[in-house]
Amino acid sequence: MQRTLVKDALHATAPTDTIFLQGWVRTRRDAKAFSFVELNDGSCLKGLQIVVDASLADYPAVAHAHTGAAIEVTGKLVASKGAGQQWEVVATSFKVIGEADGTYPLQKKGHSLEFLREIAHLRPRSNLFGAVFRVRSRLAYAVHQFFQERGFHYVHPPIITASDAEGAGEMFRVTTLDLENPPRGADKHVDATKDFFGKKTFLTVSGQLEAEIFACALSNVYTFGPTFRAENSNTSRHAAEFWMIEPEVAFCDLTGDMDLAEEFVKHLLRDVKTHCAEDLEFFGKFVDKDLAARLDFVLEKPFVRCSYTEAVEIIAQSGKTWEHPVSWGDNLQAEHERYLTEEHFKCPVTVYNYPRALKAFYMRVNAPDAQGRETVAAMDLLVPGIGEIIGGSQREERLDVLRESMARHHLDEKAYWWYLDLRRYGSVPHAGFGLGFERMLMFATGVANIRDVIPFARTPGAAEF
RNA sequence: UGCCCGGUAGCUCAGUGGCAGAGCAGGUGACUGUUAAUCACUUGGUCGCUGGUUCGAUCCCAGCCCGGGCAGCCA
């Protein structure tokens, strides 16, 4: 018999004589003559109430249907006599497929997020994590939908790379060399030419440089895949392995890039709001009371755009005492970014045109300002509660300027020969950005820790599961 | 990596320099419709680890381990 998902059963418009369900027991309530079993199959937040009469031949099985047990139920879908739900199933058959005894760690009571992280193999069965991972799935779909509908092509840059995408942080080394006894050259250093790829290789920290190649051929492209950073970062917004989306657009300047970023963020939030309404309502109730208001607010208003130079002035004139006072040329600190987006503008803010010295070599150099200060066409999108969610730039398409920037960063042109070739043959203005998928998910759900929006978090000292 | 907070039953937590506590979960029973059901009874402990102080340490001290928060770095 065909299985019906709880989600579909709950949306029934009429009673059904026979329905077949499979799932896991969330809770059970026994009376003298019958039991209530709440069945959840992950298809949606809510469970379906199963009523098992004590006269049923299968009734003894109910005693084994503890919280967490896997069950199969056949029965009639009927209007519930109780107050809490529209539909319930009166069982005609009730089978326990996989028992769960009293050591099952998930209880009906609330658990701390820290505890649930330690049982990452079971936490998807909780209300909160079921909701998180349904939203994660939908959000990934919305990413593809947004770009595909706009004529962007999905490209797959390599996970293993020899190019040290400068400025993006520490990299994980990939090697098959014997670490106990590596081959050494005449200079006693480890001989990387003996390694699997004949050179030093790493896990990618960004697919951007490769995406530029494809943008300069297919015009509009995006990547969406895992990204690795070996920084020893211990914060609620950093993971060593995360998913990143990197669109790259040919014939596009920084303004077009900021437009795309804003449209993209709004599309994702709008989509989740439409298609994950029940899960978002749950987050609004138990995770972040202001979630719904914040999402509406973000969708309604245009994001503020503010140049780095203006931002520095706003921060200086705020009248606040800063742990790190800022003057032109300094990096904006977390406290400054938070002030801009949470207090001053109370809105997502795109800060653009950063000092050249602070940013990566590939960013396009702007004309100096009246005081002769050099900036690059970079932008960061800051959102309340999280901070930087997007970082992007227009890329330097002029060969001579790019070579000068590389020299400033002490980069070897030979290692970037193919990147320079793009500027030699049919070079065009182009721009792109990177959006941290998990940070977007945090923003969309209100979940405060990145470890709780990724199935199995990889952070310094932690790679369980 | 730095600074700060924490670790007591399966979970959430209280507590004390002198026999280890509650609620929930588990078990037994009761209950004619429950919704984190309720009620009665009940099982359950290396008080993170190691060392020190003490007649006596779960409690005080030191080191270590683990978890969390913030900062830096970033998406």
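Source: prediction; values computed, not measured. Every chain is numbered from 1 and lettered A, B, ... according to where its sequence line falls, protein lines coming before strand lines.
In this model, the phosphate group of rG72(B) is not approached by any side-chain N or O of Asn232(A) to a distance below 4.0 Å at OP1 or OP2. For Ser236(A) and rC70(B), the shortest distance from a side-chain N or O to OP1 or OP2 is below 4.0 Å. Considering only side-chain N and O atoms, Gln49(A) lies nowhere under 4.0 angstrom from the phosphate OP1 or OP2 of rU35(B).
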> How would RNA chain B look in dot-bracket form, 5' to 3', counting Watson-Crick and G-U wobble pairs with both distances under 3.5 Å and writing | for bases paired to another strand?
Replying inline: (((((((..((((....[..)))).(((((.......))))).....(((((..]....))))))))))))....
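Judged by the 6.0 Å distance and 45° axis criteria, Lys266(A) is positioned over the aromatic ring of Phe303(A).
One distance of note links CE of Met258(A) with CD of Glu263(A); it measures 14.0 Å at 0.5 Å rounding. Taking CZ of Arg408(A) as the reference point, atom CE of Met406(A) lies at 14.0 Å (rounded to 0.5 Å).
When heavy atoms are screened at a 4.0 angstrom cut-off, Ile245(A) is found touching no nucleic acid atom at all.
A donor atom on one side chain and an acceptor atom on the other are found under 3.5 Å apart for Arg26(A) and Asn127(A).
Checked against a 6.0 Å centroid threshold, the rings of Tyr222(A) and Tyr154(A) count as neighbours.
Under the side-chain contact (heavy atoms from CB on, under 4.5 Å) criterion, Ile386(A) pairs with Val383(A), Arg439(A), Met442(A), Phe443(A), sequence neighbours left out.
On a pure distance criterion of 3.5 Å, a polar donor-acceptor pair joins the side chain of Arg439(A) and the base of rC74(B).
Under the stacking criterion of a centre-to-centre distance below 5.5 angstrom and an interplanar angle below 30°, Phe437(A) is not stacked against the six-membered ring of rA75(B).
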